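Proteins get letters first, then strands, A, B, ... in listed order; numbering begins at 1 in each. The shown structure was predicted, so the numbers you read here are calculated from the model rather than taken from an experiment.
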There are 4 protein chains.
Amino acid sequence: MQATVNDKSTVAGLRQRADAARNRARILDAAQDAFIEHGADVPLDEIARRAGVGNATVYRHFPDRRALVRGVVLAVMERAIGVATQALAEEADPFEALSRLVRDSVNWKIGALCPMLSEWADLDEPEIFATRERLDAVVQSMIDGAKAAGSLRTDVGSDDIMMAVAQLVRPFPGAGYDSLQPFVHRHLQLLLDGLRAPARTPLPGGPPTLEDVRRECILAASRRETRQ
Amino acid sequence: MQATVNDKSTVAGLRQRADAARNRARILDAAQDAFIEHGADVPLDEIARRAGVGNATVYRHFPDRRALVRGVVLAVMERAIGVATQALAEEADPFEALSRLVRDSVNWKIGALCPMLSEWADLDEPEIFATRERLDAVVQSMIDGAKAAGSLRTDVGSDDIMMAVAQLVRPFPGAGYDSLQPFVHRHLQLLLDGLRAPARTPLPGGPPTLEDVRRECILAASRRETRQ
Amino acid sequence: MQATVNDKSTVAGLRQRADAARNRARILDAAQDAFIEHGADVPLDEIARRAGVGNATVYRHFPDRRALVRGVVLAVMERAIGVATQALAEEADPFEALSRLVRDSVNWKIGALCPMLSEWADLDEPEIFATRERLDAVVQSMIDGAKAAGSLRTDVGSDDIMMAVAQLVRPFPGAGYDSLQPFVHRHLQLLLDGLRAPARTPLPGGPPTLEDVRRECILAASRRETRQ
Amino acid sequence: MQATVNDKSTVAGLRQRADAARNRARILDAAQDAFIEHGADVPLDEIARRAGVGNATVYRHFPDRRALVRGVVLAVMERAIGVATQALAEEADPFEALSRLVRDSVNWKIGALCPMLSEWADLDEPEIFATRERLDAVVQSMIDGAKAAGSLRTDVGSDDIMMAVAQLVRPFPGAGYDSLQPFVHRHLQLLLDGLRAPARTPLPGGPPTLEDVRRECILAASRRETRQ
DNA sequence: TATGAATGAGGGTTCATTCAT
DNA sequence: TATGAATGAACCCTCATTCAT
């Protein structure tokens, strides 16, 4: 599964040296934790230090911060797909499967998706896009099942839910992941209760998608450029 | 009301110059938006640029980042108190008052409270503390009324709600406030639906407070220092 | 005596306002102490603070740091001339008069001449030059008398002595004037003992003058420019 | 001998790269001259420029100004120890050995010890302390010998002499080392003549030590803090 | 005139990135 | 390939100087 996450490795099936592969994995792990704890702006030297390699080694594996963010984001989404797939397979009630995914989001470290929402990720990059489609697909099947079973309100979309979860499990800036612990499971539960059918009040507007957000971001960015 | 938010201004009744007052307000506004969009670590030069003043002018009004954070946090809380007080006075149903406060949070920019949870804020500073008590008091009276009226679930606390709202209306990093528009009102409505009595499922743990979060943040920071 | 020390004041005999004159004196006093304690690079705002005036008032009286340095240097030299003249008049033995001037140099704050030796003073400026000539004259008469009396070695010049004194009473950088107290009077006494006739060993070279130093400084500066 | 002066180099026998060692030496040399010419507050960028390296390279070798001051002070003291030891070994007359050390002080650049008296040096740091003890020991043995031989006045201490020498060979601020040439050897000779036995006049007070100066400096600094 | 306010330039320091071993 | 070293740009903050009241 990790094998699909490659930057320079396994180009044309070229097997990379064992120690190089090990370094790559250690860098990704270190980066994931560092992103969660310090945000996407953490010094790369800090990541190198955590991984126990020289800073230039980080650059060999990931030419810049974007590439590193990309690697981490792909790894996290793969993990999420795994969790969701398993939940869907093991839970009879689709709403329960969704709940499990949401509640578990702290454990599979959806928080490491933070940089995905920062300026450092390119959501349109093909592999990111494809992986996100696969994640969406499994979440969507949960949602469809739960709506059909009458346990999930029908006016929400898959991105509605994923975005709300991502917001709620996002650590406060400069605070680190632990700062969420006292609240996050309560917040997620409030959200799940709000998602239950029947809907207590209608939601304003229609279900938007991540693309809508991206459009806004791009607009905002261009406005910012103009201002300068 | 804003008059209580002063750092160097109106000390001992000394009227400050009109242009200085104007600059101070512009800096606060710029800082508020910049904190929301980029977090508490945004370069002060960026804030100066947005405010249309030289960087040293920022330092004249606010001797360091802490002072600037303090000014923004105080201003936001004052605004929130105003909104909440008015809602409480005008709405017959206390849950409706709470809903109005929550829905309006995008307008009074609760997101600017983010830096309050960073290392740059001192929640124990007297004026901050007093203002927070006043805000808590009015929110708490909403909550108490709504619980008494049987419209709000009884297992939530005031900080539960404020924190969840703050998370949901926080813009994506580097994205700007507008990026939330497609989602934010839906998310807030989902939250409000989840807050309705009767509670559909129990919340895990007991209602925590901002202090619990602060404690975690400080612990994390000290752990970070230790590691180095 | 102070009346000769003027920058913009008493232009064409125009009497300045009493409060302006008072401010000017306070600024000079504050600058003198600040220069002694912190060196010629002390912030002008600090001087304004000590003088109890606004910073712009300093600029009104002294358009830039050079002018302020000039004012202080002139005042100190005037004081030195006074001390020397009096010593010459009161002491029968000219070497004793010289000793008194040297020993007293700490009191009349020759240390405030520090900035004269920094990049901030222009020794060729007419009034500075003239005042220095007057000081040299009185010192020279002491020296001539002492040499004639056979108590001062004959191979020293007036600038030899003044420079050595200035060096010995110069506070250590960043240290302030008090740091000298434990040593300075011993050092000055060692110097005076070394000046006694008969000379125990000949001095290398001939007696140089301040101008020789200036020539070296200018050469060094031009070399520095070239290097860049 | 220089080998004992290391900060990061040769830790646990780890050989550092040749170019890094070269840079380190060039930075130390440049810093030494810059300290002599401009004092301990000279911009580090200026030092980097003189050394022909980027400013960040200075920071790599010396994490802050204190470390750089420490490196320079250690190097100078080592050099002084070398000169003094050799003089003591080669000169039969101990006063002559002392004279040679004093006259040579311009060459071994005792002036670079200035920052030792600023806020940037920590005289209690173990290696500094130990090196100073070694320097004191050799100077003291000169002095003891010369006193015993009846050629040095008995009321002076080792720090008396070293401090006076340091003062006399200190270049004028902004002037560069060369500006001293016309005077410095004459001043040093005057001092040596004043040091000869028998003493022509008694010295005021008792022989103080560097520690006395440090105490004054620290007191002055604290007073300065208090005033603010 | 005296003053508080504004500002641009510069110094200290960190960090992403490139280079040389 | 992996690494320590080097560097320039950016940020925070201070200060000399100018401006507006």
Undergrad: Kindly indicate whether a cation-pi arrangement holds for B:Arg65 with B:Trp120, taking the cut-offs as under 6.0 Å to the six-membered ring centre and within 45° of the axis.
TA: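 Cation-pi check for B:Arg65 and B:Trp120: passes.
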Undergrad: For a 4.5 angstrom cut-off between non-hydrogen side-chain atoms, does C:Ile47 reach C:Val42?
TA: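 Yes, their side chains come closer than 4.5 Å.
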Undergrad: Heavy atoms only: give me the nearest A:Ile27-A:Val58 pair and the separation to one decimal.
TA: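 Minimum heavy-atom contact is CD1-CA, 4.0 Å.
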Undergrad: May I ask you to evaluate whether C:His61 reaches the phosphate of E:dT1, defined as a side-chain N or O under 4.0 Å from OP1 or OP2?
TA: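 Result: no.
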Undergrad: If I take atom CG in residue D:Leu68 and atom P in nucleotide E:dG11, what distance separates them, rounded to the nearest angstrom?
TA: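 Roughly 16 Å, once rounded to whole Å.
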Undergrad: Name the pairing partner of F:dA20, where a pair is Watson-Crick or G-U wobble with both distances under 3.5 Å, or state none.
TA: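 Across any shown strand, F:dA20 pairs with E:dT3.
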Undergrad: Could you state the CZ-C1' distance from C:Phe62 to F:dA16, rounded to the nearest angstrom?
TA: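 Atom-to-atom, C:Phe62 to F:dA16, this comes out as 16 Å.
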Undergrad: B:Arg22 CZ to F:dA20 C1': how many Å, rounded?
TA: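 Answer to the nearest Å: 11 Å.
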Undergrad: With both distances under 3.5 angstrom, what nucleotide forms a Watson-Crick or G-U wobble pair with E:dT13?
TA: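 Partner of E:dT13: F:dA10.
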Undergrad: Using the rule side chain to side chain contact (heavy atoms under 4.5 Å, CB included), only one of A:Leu74, A:Val72, A:Leu68 pairs with A:Arg70; which is it?
TA: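 Result for side chain to side chain contact (heavy atoms under 4.5 Å, CB included) with A:Arg70: A:Leu74.
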Undergrad: Atom CZ of A:Arg49 and atom P of E:dC15: how far apart are they, to the nearest Å?
TA: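 Computing the A:Arg49:CZ to E:dC15:P distance gives 11 Å.
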Undergrad: Between B:Pro115 and B:Ala121, which heavy-atom pair has the shortest distance, and what is it?
TA: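 Heavy atoms only, the tightest pair is O-CB, 3.5 Å.
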Undergrad: Return a single string for nucleotides 7-12 of chain F, one symbol per nucleotide in 5' to 3' order, where B is base contact, S is sugar-phosphate-only contact and - is none, cutoff 4.0 angstrom on heavy atoms.
TA: BBB-SS
Undergrad: Which atoms form the tightest heavy-atom contact between A:Ile128 and A:Glu125, and what is the distance?
TA: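 Taking A:Ile128 first and A:Glu125 second, the nearest heavy atoms are N-OE1, 2.8 Å.
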Undergrad: From CZ of B:Arg26 over to C1' of E:dA6, roughly how many Å is that when rounded to an integer?
TA: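 Rounded to whole Å, this separation is 12 Å.
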